[in-house]
Amino acid sequence: MTTRSETQTTLTHLLTEIEHRNPAQPEFHQAAHEVLETLAPVVAARPEYAEPGLIERLVEPERQVIFRVPWQDDQGRVHVNRGFRVEFNSALGPYKGGLRFHPSVNLGVIKFLGFEQIFKNALTGLGIGGGKGGSDFDPHGRSDAEVMRFCQSFMTELYRHIGEHTDVPAGDIGVGGREIGYLFGQYRRITNRWEAGVLTGKGQGWGGSLIRPEATGYGNVLFAAAMMRERGEDLEGQTAVVSGSGNVAIYTIEKLAALGANAITCSDSSGYVVDEKGIDLDLLKQIKEIERGRVDAYAERRGASARFVAGGSVWDVPADLALPSATQNELNEADAETLIRNGVKAVSEGANMPTTPEAVHLLQKAGVAFGPGKAANAGGVAVSALEMAQNHARTAWTAQRVEEELASIMTSIHSTCHDTAERYGAPGDYVTGANIAGFERVADAMLAQGVI
Ligand code: NDP
Ligand code: 2IT
């Protein structure tokens, strides 16, 4: 019988090894640390998980594809971007996870996202493995025609690696309905197949699921509501700071309002907006989804209740709830201190790994309910899996049915994380609960399927 501290020593050695074998991938190291640092209790308690090679296999992607993406801008100039698809783990189902188009994308970023995705997808209880992809292409300021040519070039390589039973990409930062449309069109053209389940987040009317655009934000708010219920409170009357102004942020703000809470901020990489009356969603959607504009335009058009703060930290704005919904490491130790000082009750991650490890530690120590992204933002990929189910059955569910399924999945993820944390001696620690519960499901499948 191995003790917990012996197990922790083994895991610490493994983390050092991961850093050596994967140099210059700080985000991947961070994601691996965050998971492996919480696994000692379950590995010590269940000897089968200490089997040599199990965790080593889990941290090594099954396949990593890197490719050239050449494309021409509207002036005919040639640009060369880099494309990635990391197929991390398929023990539970086809690789599943989004595509990110952002200049900061590199292999380490895609690996961190793919690694997180394994556990997130396991937590949904559905049959989906973990993967992620993307490119260092920057869609900001590009015309529709440029984005289309880029997507077509990207898919001209990606198509050979994906498929409804193999690997099913979707959106992430910089990839929404427009990009999924262009990607699907090129896939269909190259393969001469109507294979609806090869991508999710498709348009309604050609295989997309109702509520998929809303699912990540809605799901995160449902997760936050479940954490608040544990504290004997609900969302009615609570104020919230939300970062980002993209897909996740917009539908987070929408669901908060539906449940009686009030989101008073949104942001982008240029700064943040604070609106004392609460964010006007019609205006924000008009600026972001239709005009593809910036949040400073929101403040200009909203009138006296709103102001734009260039640069600065959205976490300086006092509120009961904080829902980071932009990008990784956007909420640091100093931000956590400010939130705690201002009396924040819950932080629920809509983005992937937005809170630095030091900030997570501070929030948990201060008794703030903390929902890690792999649990709290799993609603998006869960509804992607429901889109795949509808595609396979050649049917389309009502919005009400999808929303009910989403709500029941989020409730079940919350209780799984909550109960698992308690079972392993970390009551209230959703990070430990999510990591262990996700790990158990994937590890059991990997052990059953042998050394592959
Ligand atoms: P969008 O592209 O729709 O929006 C991204 C938002 O975040 C924009 O407001 C963008 O501002 C801001 N942002 C992005 N990068 C940075 C940065 N480096 N610094 C400051 N602001 C930044 O993406 P999504 O809303 O889809 O994704 C947001 C987060 O949610 C990501 O972490 C993603 O991985 C995660 N997520 C998304 C899911 C989905 O279904 N879409 C599912 C689960 C998680 P700007 O325009 O200035 O760059
Ligand atoms: O991070 C994520 O979970 C996503 N970007 C959504 C992935 C998906 O396949 O819907």
Side-chain angles (χ1 to χ4, degrees), residues 87 90-99 117 120-133 151 155 158-159 161-172 175-223 247-248 250-251 254-255 258 289 377-414 416 441 445:
E87 299 181 332
S90 59
L92 293 175
Y95 311 105
K96 182 83 196 85
L99 297 171
Q117 202 81 44
K120 180 194 306 193
N121 294 4
L123 284 170
T124 66
L126 302 165
I128 40 180
K132 199 85 186 192
C151 289
M155 184 53 85
L158 186 69
Y159 89 94
H161 307 289
I162 63 175
E164 62 178 336
H165 301 297
T166 310
D167 183 357
V168 182
D172 194 84
V175 178
R178 173 182 62 172
E179 291 74 19
I180 294 294
Y182 295 146
L183 291 164
F184 186 79
Q186 184 73 348
Y187 183 85
R188 185 167 62 74
R189 183 186 198 186
I190 295 174
T191 60
N192 193 29
R193 283 161 65 92
W194 182 274
E195 191 185 331
V198 68
L199 290 168
T200 59
K202 297 180 294 295
Q204 277 144 37
W206 50 277
S209 176
L210 289 166
I211 306 298
R212 175 61 189 89
E214 293 86 350
T216 310
Y218 280 18
N220 188 27
V221 175
L222 295 174
F223 194 90
N247 172 265
V248 177
I250 285 174
Y251 293 101
E254 185 163 289
K255 194 64 170 180
E289 292 184 338
N377 72 38
V381 77
V383 173
S384 274
L386 302 182
E387 182 169 321
M388 290 161 71
Q390 293 168 72
N391 294 154
H392 290 303
R394 294 184 165 277
T395 188
W397 300 348
T398 61
Q400 189 192 341
R401 173 160 177 201
V402 181
E403 255 203 272
E404 282 168 9
E405 298 262 0
L406 171 64
S408 106
I409 290 167
M410 295 315 299
T411 306
S412 137
I413 294 175
H414 173 269
T416 301
R441 189 162 175 240

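Hydrogens, waters and symmetry mates play no part in the numbers below; they use all other heavy atoms, side chains included.
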Side-chain donor/acceptor of Lys132 to backbone N/O of Gly97, under 3.5 Å:
no

side-chain contact (heavy atoms from CB on, under 4.5 Å) for Leu183 and Leu199? Distances and angles first, verdict last.
CA-CA 9 Å; Leu183 291 164; Leu199 290 168; 4.0 Å; yes

OG1 of Thr191 to CD of Gln186: how many Å apart, nearest 0.5 Å?
10.0 Å

Run the ring pair (Phe, Tyr, Trp, His ring centres under 6.0 Å) test against Tyr251 and tell me which residues pass, sequence neighbours left out.
none

Answer yes or no: is there a side-chain heavy-atom contact under 4.5 Å between Leu158 and Pro169?
yes

My understanding is that only residues two or more places apart in sequence, or in another chain, count here; which of them pass salt bridge (charged side-chain N to carboxylate O under 4.0 Å, His left out) with Glu195?
Arg193

Sequence neighbours left out, what passes side chain to side chain donor-acceptor pair (under 3.5 Å) with Asn377? Give chain and number order.
Lys120, Asn352

Looking only at heavy atoms, which two atoms of Asn391 and Ala196 are closest? And how far apart?
OD1-O, 3.5 Å

Residues forming a salt bridge (charged side-chain N to carboxylate O under 4.0 Å, His left out) with Glu214, sequence neighbours excluded
none

If the condition is side chain to side chain donor-acceptor pair (under 3.5 Å), which residues does His165 pass it with, not counting sequence neighbours?
none

Taken to the nearest 0.5 Å, the spacing of Ile211 CD1 from Thr398 OG1 works out to 9.0 Å

Can you name the residues that form a side chain to side chain donor-acceptor pair (under 3.5 Å) with Glu179, not counting sequence neighbours?
none

May I have the list of side-chain donor-acceptor pairs in residues 378-388 shorter than 3.5 Å, sequence neighbours left out?
{"residue": "Ser384", "atom": "OG", "partner": "Thr200", "partner atom": "OG1", "Å": "2.8"}
{"residue": "Ser384", "atom": "OG", "partner": "Arg212", "partner atom": "NE", "Å": "2.9"}
{"residue": "Glu387", "atom": "OE1", "partner": "Gly201", "partner atom": "N", "Å": "3.2"}
{"residue": "Glu387", "atom": "OE1", "partner": "Ser209", "partner atom": "N", "Å": "3.1"}
{"residue": "Glu387", "atom": "OE2", "partner": "Gly201", "partner atom": "N", "Å": "3.0"}
{"residue": "Glu387", "atom": "OE2", "partner": "Lys202", "partner atom": "N", "Å": "3.3"}
{"residue": "Glu387", "atom": "OE2", "partner": "Lys202", "partner atom": "NZ", "Å": "2.7"}

Heavy-atom distance under 4.5 Å between the side chains of Val175 and Ile180, does that happen here?
yes

Side-chain contact, heavy-atom cut-off 4.5 Å: Leu92 with Asn121?
no

Can you find a pair of side-chain heavy atoms, one from Met155 and one from Ile162, that are under 4.5 Å apart?
yes

The criterion is ring pair (Phe, Tyr, Trp, His ring centres under 6.0 Å); which residues satisfy it with Phe223, sequence neighbours excluded?
His414, Tyr430

The salt bridge (charged side-chain N to carboxylate O under 4.0 Å, His left out) partners of Arg178 (sequence neighbours excluded) come to Asp144

Nearest non-hydrogen partners of Cys151 and Tyr182, listed with the distance
CB-CB, 3.7 Å

Under 3.5 Å, side chain of Thr411 to main-chain N/O of Ala407, donor-acceptor pair present?
yes

Value for NE2 (His161) from OH (Tyr159), rounded to nearest 0.5 Å, stands at 9.0 Å

So does Gly176 get a backbone contact from the side chain of Asn247, meaning a donor-acceptor N/O pair under 3.5 Å?
no

Residue pairs involving residues 395-414 (criterion salt bridge (charged side-chain N to carboxylate O under 4.0 Å, His left out); sequence neighbours excluded)
Lys255-Glu403, Arg401-Glu405

According to ring-ring contact (aromatic ring centres under 6.0 Å, His included), does anything in residues 199-219 pair up with another residue at least two apart or in another chain? List the pairs.
Phe184-Trp206

Check whether any side-chain heavy atom of Gln204 sits under 4.5 Å from a side-chain heavy atom of Leu210, and report yes or no.
yes

Residues at least two apart in sequence or cross-chain that pass side chain to side chain donor-acceptor pair (under 3.5 Å) with Ser90, listed by chain then number, are Glu62

Is there a side-chain contact between Leu126 and Ile409 in this structure, where contact means two heavy atoms from C-beta onward sitting under 4.5 Å apart?
yes

Can you tell if the side chain of Val402 reaches within under 4.5 Å of the side chain of Gln390, non-hydrogen atoms only?
yes

